[in-house]
Peer 1: 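Encoded as structure tokens, here's the structure I'll be asking about.
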Amino acid sequence: MRRIGVIALNTFREAVRDRILYLLLFFAGATILLSRLLSLLTVGDRLKVIMDVGLAALSFFGALMAILIGTSLVHKEIDKKTIYTLLSKPLRRIEFLLGKFLGLAVTLLVLLSLMTVFFQAYVLLLGGGMNGRIFLAALYIFLEMVLLTAVAVLFSTFSTPILASLFSLSFFLIGHFSRGLLTLIRKIPAGFSRTGLRILYLILPDLENFNLKTEAVHGLPLPAAWLLTSAAYGLFYTLFILTLAVIIFRRRDFT
Amino acid sequence: MAAVLTVKNLRKSFAPGFIPRRKEILKGVSLEVEPGEIFGYLGPNGAGKTTTLKCLLGLVFPDSGILTLFGRPHLSLSARQRLGYLPESPYFYDHLTAFEFLDFTARLFGLKKEERRKRISALLERVGLADAGRTPLRKFSRGMLQRAGLAQALVNDPDLLILDEPLGGLDPIGRKELRDIILEQKRQGKTVFLCSHILQDIEMICDRVAILVAGRIMSSGRLRDLVSEKIEFTEIEISGLKQEELAGLGESLAGQEGRILLKVVGEDKVDDVLSLVLSRKGRVHSLLPRSLTLEDLFLDTVKSS
């Protein structure tokens, strides 16, 4: 556990000293600020538009950060051969990988917290109140980011950063559209194809589980059972992906 | 005493590329390193030296063979605790300073804060980076990185130090300092495993060597057994004589500005040359007896394979 912590700390340090993250942070901030402009162009509750755009910005830039640092930081260790030195120390491969993942997750937590606090402050400034739902929605965005990081780490254990980024981005997109399959399943008659689609839906990630934006913005009810299932879904999916990553990483030759 | 490091019948092949074709890198390598010795693992580029090391360090998995460190399986963490490793052309984290980097590696060994601070300062001093402790590693030159690499290999005061091409990037002063550090390790009873194709500096310090060519150990043993003290030939540089006069005494290697460099085989012939020079009032500029060097042995082994 101590060694996982040491790797995590180094990963966190490496990530926060990377300038690209600040660029993304800047763009996320800019998008939140510009949501005011969008709200002027729309009819209806302006605050709701700001909330909607702001949360979408958190979700989008959070995913981008997770994929970007997730794919680059693991691959960099292999590419620059820093992993040679590390693995010659009393350090198991699984400890290395988990340390890396944990460091990335902590980095994302810090970044997302910064963005969320900034966003809430902006909402306050524009006349909205303190809204616990913003933080709840951000928490679920964080769960999604953690899962995406695990996916990025998985892909970067065996492919190049560009491919790993593409794969992870595909995972993100598929994850947000896979719910469409449910509609399709309802529409077609029972039979082979319906069962097939159902299996496909089970295998594919469903990242809409972590999307609380509509409920948060419009003040819709958030049943506790749903929240708990979503959190458990995220946790288990992340564990599953991490296990796959560890299995691949354990037997890999570093040549 | 039990061997510090043993490799028994190690085999490893890789299948790179889109259409994999197995390429055997190590074809049954066996060697043993005794405690307290400096062992030179030599071989031309591509012989499989680094692959052997990677197998030992658990970076690649051998096809077959037994590897032990301190009498334990080579992947055991307690064996790693006593090991120091300097990779070939090391590259370290850009974002860390030399001090932070060493602190990071020392933490992996579980050293306490106070001990880390003390040891790192001493190490930075020892490898000649005392003034560069607060400089980010991205600003380091190749030689400085090599020094930082050596420092991280020594951070746990290892009983076995494995160095892969340690002379790369070092200037003559750096080479001498590295040699001193290696000898100091030996004085403290530590073992050093040295992997290299640069021979001059190794010749002087290795107790035993093994020469690896194309995945097989072609020659191994004590250096003085492998390299005899016997004089092979003598090089004499003379002037004041004509080439023709020396016919039959030796082979003329080069001649410039009236000087002749003669390769003479056998001591009688050397006496003959010297008396001839004396009688013709010529001059002897230099006389060098040549014995077999590690380099010759190395070249012979590589050629004969």
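We use all heavy atoms of the structure for the numbers below, so side chains are in, but hydrogens, waters and symmetry mates are not. Letters A, B, ... mirror the listed sequences (proteins, then strands); counts begin at 1.
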Peer 1: To check you understand the geometry: which heavy-atom pair defines the closest contact between B:Arg107 and A:Arg2, and what is its length?
Peer 2: O-NH1, 2.7 Å
Peer 1: Identify the residues of residues 111-140 of chain B whose heavy atoms come closer than 4.5 Å to a heavy atom of chain A, ordered by number, or report 'none'.
Peer 2: none
Peer 1: Which residues in residues 57-69 of chain B have any heavy atom closer than 4.5 Å to a heavy atom of chain A?
Peer 2: B:Leu57, B:Gly58, B:Leu59, B:Val60, B:Phe61
Peer 1: Can you find a heavy atom in the side chain of A:Arg92 that is under 4.5 Å from one in the side chain of B:Leu75?
Peer 2: no
Peer 1: For residues 231-251 of chain A, give me every residue with a non-hydrogen atom less than 4.5 Å from any non-hydrogen atom of chain B.
Peer 2: A:Arg250, A:Arg251
Peer 1: Step through the shown structure and confirm whether more than 12 heavy atoms of other residues, nucleotides or ligands are within 6.0 Å of CZ on A:Phe26.
Peer 2: no
Peer 1: Kindly compute the distance separating OG1 (B:Thr105) from CG (A:Asn10), expressed to the nearest 0.5 Å.
Peer 2: 10.0 Å
Peer 1: Tell me, out of B:Ala79, B:Ser78, B:Ser76, B:Gly110, who's got the most heavy-atom pairs with chain A below 4.5 Å.
Peer 2: B:Gly110
Peer 1: Count the heavy-atom pairs under 4.5 Å between each of B:Gln152, B:His95, B:Arg82 and chain A, then report the option with the highest count.
Peer 2: B:His95
Peer 1: Does A:Ile162 CD1 have over 12 foreign heavy atoms under 6.0 Å away?
Peer 2: no
Peer 1: Does anything in residues 82-90 of chain A get under 4.5 Å of chain B by heavy atoms, and if so which residues?
Peer 2: A:Thr82, A:Ile83, A:Tyr84, A:Thr85, A:Leu86, A:Leu87, A:Ser88, A:Lys89, A:Pro90
Peer 1: Give, for atom NZ of A:Lys81 and atom CD of B:Glu88, the distance between the pair rounded to the nearest 0.5 Å.
Peer 2: 7.5 Å
Peer 1: Would you call B:Asp94 and A:Arg17 a salt bridge, taking side-chain N to carboxylate O under 4.0 Å as the test?
Peer 2: no
Peer 1: So do B:Tyr93 and A:Glu14 actually touch side chain to side chain, heavy atoms under 4.5 Å?
Peer 2: yes
Peer 1: Count the heavy atoms belonging to other residues, nucleotides or ligands that lie under 6.0 Å from CG of A:Leu33, then report whether that count exceeds 12.
Peer 2: yes
Peer 1: Could you state the interatomic distance from CD1 (A:Ile7) to CZ (B:Phe104), rounded to the nearest 0.5 Å?
Peer 2: 4.0 Å
Peer 1: In terms of heavy-atom proximity below 4.5 Å to chain A, should B:Leu96 be classed as side chain, backbone, both, or neither?
Peer 2: both
Peer 1: Can you confirm whether B:Arg72 is buried at CZ, in the sense that more than 12 heavy atoms of other residues, nucleotides or ligands lie under 6.0 Å from that atom?
Peer 2: no
Peer 1: Which heavy atom of B:Leu108 sits nearest a heavy atom of A:Arg3, and at what distance?
Peer 2: O-CD, 3.9 Å
